[in-house]
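Note on naming: letters A, B, ... go to the chains in the order of the sequence lines (proteins, then strands), and numbering restarts at 1 for each one. Since the structure is predicted, the reported quantities are computational estimates derived from the model, not experimental observations.
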Amino acid sequence: MRLRFAPSPTGYLHVGGARTAVFNWLIARHEGGVLVLRIEDTDRARSDDEHTQVILDGLGWLGVDWDEGPFFQSEGVERHRADAYRLLADGNAYRDFSDPEAVRVEAQERGMHPSRVAREQMQALGDEESARRAEAGEPFAIRLLVPDGETVFHDLVHGDMRFGNEDIDDLVILRSDGTPTYNLAVVSDDAEMLITHVLRGDDHLSNTPKQVLLYRALGHPEPVFAHVPLILGSDGRKLSKRHGATAVGDYAKEGILPEAMTNFLALLGWSPGDDRELMTRDELVEAFHTDRLLKSASVFDTEKLAWLNGQHLSRHPDQELVGHIRALLDHEETFRRDLLDDTAWVGELLEVIKPRARTLDELADQARPFLCDELHFDEKAVAKHWEKDPASAMERLEALIEAFEGVEWSRKALETALRSRAEVMDVGAGKLIHPLRVSLTGNMASPGIFDVLVMLGRERVASRMKGGVARIRGR
RNA sequence: GCCCCGGUCGUCUAAUGGUCAGGACACCAGGUUUUCAACCUGGCAAUCGGAGUUCGAUUCUCCGUCGGGGUACCA
């Protein structure tokens with residue numbers, strides 16, 4: 001089994017394209033097949049190297065690796081041209097000398113398809129005259145001569161597909177400037193690369209009968225087709241920029257894990273058939289099969305992606321998470337990189353912050369108070385727990401400084417110390433905990449306060465609490 | 001206009017010619033609790049419409065409707 005993923009480098013790697021890539025990869029890996037990467041760069045005007053690199057990076061990030069390529073469609077133009085001329089020589093294609101604009105206008109007036117107008121002109125012209133004008137150096141395009149009858153092919157997703165050939169136009173396969181068009185190039189390349197399975201977006205379904213005709217005229221065996229439905233935006237319309245991020249690179253930047261993205265994408269238009277949702281790459285490869293591909297379009301739900309990401313985050317190796325945190329906190333001036341060397345401590349930290357984060361960005365935010373000496377104070381937290389009653393806040397912080405003095409630095413002892421102090425002061429423990437949390441993290445929300453105390457250690461806690469008191473006084 | 005594809009909770013989906021139409025995300029309520037999460041329990045919520053076939057259709061057929069794709073000397 002040989003499959004291919006054939007993006008055109010006219011932009012970033014779109015999630016729809018990424019999903020197609022993931023499907024092809026999953027099938028190839030499940031079946032032990034070969035995945036070929038081919039860049040469809042024949043649109044000279046819109047293609048560029050930068051886009052190609054972005055796509056390659058996107059695939060690399062997703063973990064979609066390929067066995068052959070990347071090849072570039074532009075490398076095959078000589079073959080494409082030769083195929084077009086072979087079709088012409090065999091009588092399966094004809095020269096079109098007409099002016100495209102004039103043909104378009106005439107077709108419009110007569111209510112016909114442009115290619116049928118071109119065909120009429122070709123027939124009126126006759127073979128000899130056609131050959132003579134070509135000889136004379138007159139430019140012409142080459143069109144496929146669509147035979148009468150109907151074109152039938154099988155699609156793994158949609159079943160038997162049937163098209164009346166009268167509805168298929170005599171498509172241009174070679175432009176008058178000698179360059180091949182998409183449909184010819186695809187067929188020529190897929191045949192050359194011995195592709196056996198073509199899995200691509202639904203938007204190519206209408207192209208397929210043309211391509212099938214090309215395969216047959218060229219005498220190549222046809223591959224098996226599978227057309228997967230498109231991905232829609234939250235409003236059920238075609239996914240576009242106004243739905244937010246549509247490029248895989250955007251999600252990488254937002255702190256989405258590649259395995260979560262792969263998992264999510266795989267579940268869009270495919271299902272394992274049981275109730276599994278959270279799946280590793282290996283489980284996906286194991287379970288993936290074309291017979292469970294779905295026919296209907298699906299909406300890209302970023303909420304579910306976020307949830308899935310949180311799940312994968314909790315299961316992700318600590319070491320890599322640390323790497324991400326380091327990168328995200330790198331610009332912080334008081335970032336204490338040395339703390340990351342203590343793997344036991346980092347492991348504990350991760351344990352308490354992981355459940356609170358759904359993305360890598362959130363994870364870094366959670367880690368910040370523990371890894372950076374300078375706190376970012378959340379105004380709302382300050383207002384609520386300090387400024388509403390500054391005198392009490394200060395009094396309580398000072399009481400805690402005293403209460404923690406000489407106490408064994410363990411969750412249990414600290415909790416006992418805090419709670420008994422609250423009792424002595426005749427206030428609820430929360431009244432002490434909230435101002436304390438703000439002084440230690442700058443935030444309204446954090447891991448359990450006793451975890452925070454233990455993770456921070458006696459010295460840093462003492463200094464932050466004193467800093468808190470000073471800060472309140474200074475206001 | 002013409003050709004083609006599709007339509008199960010708001011979303012991703014499971015299922016079958018006969019089920020209480022199941023699960024997950026989101027949402028709501030409760031539990032836990034020092035906060036926010038996480039976690040546990042419970043709840044809300046769907047077969048696009050109309051015919052036909054059938055003892056019985058969400059499932060099969062037709063029509064409609066809505067959504068999508070194509071209809072280029074774009075890919």
Answer with base, sugar-phosphate or nothing: what part of the nucleic acid does Ile142(A) contact at a heavy-atom distance below 4.0 Å? nothing
Could you tell me whether Leu230(A) contacts a base, only the sugar-phosphate backbone, or nothing, with contacts defined as non-hydrogen atoms closer than 4.0 Å? sugar-phosphate
Which of the following nucleotides, U11(B), C12(B), U35(B), is nearest to the side chain of Leu268(A)? C12(B)
Flag for Ser446(A)-Arg437(A): side-chain donor and acceptor within less than 3.5 Å: yes
For U34(B) and Arg419(A) - does any side-chain N or O of the residue sit under 4.0 Å from the phosphate oxygens OP1/OP2? yes
Taking the minimum atom-to-atom distance to the side chain of Leu267(A), which one of G23(B), A75(B), C12(B) wins? C12(B)
Nearest to side-chain heavy atoms of Arg437(A), which nucleotide of C25(B), U35(B), A37(B): U35(B)
When you measure from the side chain of Gln366(A) to the backbone N and O of Glu362(A), does any donor-acceptor pair fall under 3.5 Å? no
Indicate whether OP1 or OP2 belonging to G6(B) is found under 4.0 Å from a side-chain N or O atom of His158(A). yes
Any strand, both distances under 3.5 Å, Watson-Crick or G-U wobble: U41(B) pairs with A29(B)
Mind checking Phe300(A) for me? I need base, sugar-phosphate or nothing, with any heavy atom below 4.0 Å counting as a touch. nothing
side-chain N/O Arg162(A) vs C5(B) OP1/OP2, d < 4.0 Å: no
Among A75(B), G69(B), C5(B), which nucleotide has an atom closest to any side-chain atom of Leu205(A)? C5(B)
Across the strands shown, which category fits His113(A) at heavy-atom distances under 4.0 angstrom: base, sugar-phosphate, nothing? sugar-phosphate
Under 4.0 Å, counting only non-hydrogen atoms across every strand here, what does Gln311(A) touch: a base, just sugar-phosphate, or nothing? sugar-phosphate
Starting at CG of Asn183(A) and ending at P of G70(B), how long is that distance when rounded to a whole Å? 12 Å
Could you tell me whether the phosphate oxygens of G6(B), OP1 or OP2, come under 4.0 Å of any side-chain nitrogen or oxygen in Lys295(A)? yes
Think Arg292(A) has a side-chain N or O under 4.0 angstrom from the OP1 or OP2 of A15(B)? yes
Looking for any heavy atom pair under 4.0 Å, which part of the strands does Ser176(A) touch: base, sugar-phosphate only, or nothing? base
Against the side chain of Thr181(A), the closest entry in C25(B), U35(B), C73(B) is C73(B)
Using the ring of each side chain (for Trp, its six-membered ring), is His385(A) parallel, tilted or perpendicular to His434(A), with breaks at 30° and 60°? parallel
Checking Asn183(A) side chain against Ile173(A) main chain: does a donor-acceptor pair fall under 3.5 Å? no
Side-chain N or O of Ser446(A) less than 4.0 angstrom from OP1 or OP2 on C36(B)? no
Any salt bridge linking Arg411(A) with Glu348(A)? Criterion: basic side-chain nitrogen under 4.0 Å from a carboxylate oxygen. yes
Taking any heavy-atom pair under 4.0 Å as a contact, classify Asn443(A): base, sugar-phosphate, or nothing. nothing
Give a yes/no answer on whether the side chain of Arg276(A) brings an N or O atom under 4.0 Å of OP1 or OP2 in G23(B). no
Any pair with a residue in residues 143-159 of chain A that passes side-chain hydrogen bond (donor to acceptor under 3.5 Å, both in side chains), sequence neighbours left out, goes on the list, sorted by first then second residue, please. Asp96(A)-Arg143(A), Glu150(A)-Arg162(A), Thr151(A)-Asn165(A), His154(A)-Asp160(A), Asp155(A)-His227(A), His158(A)-Asp202(A)
Once you apply a heavy-atom cut-off of 4.0 Å, does Arg104(A) come out as touching a base, just sugar-phosphate, or nothing? nothing
Let's test this: given Watson-Crick or G-U wobble pairing with both distances under 3.5 Å, identify the partner of C2(B). G70(B)
Now, which nucleotide makes the Watson-Crick or G-U wobble pair with U65(B), with each of the two distances under 3.5 Å? G7(B)
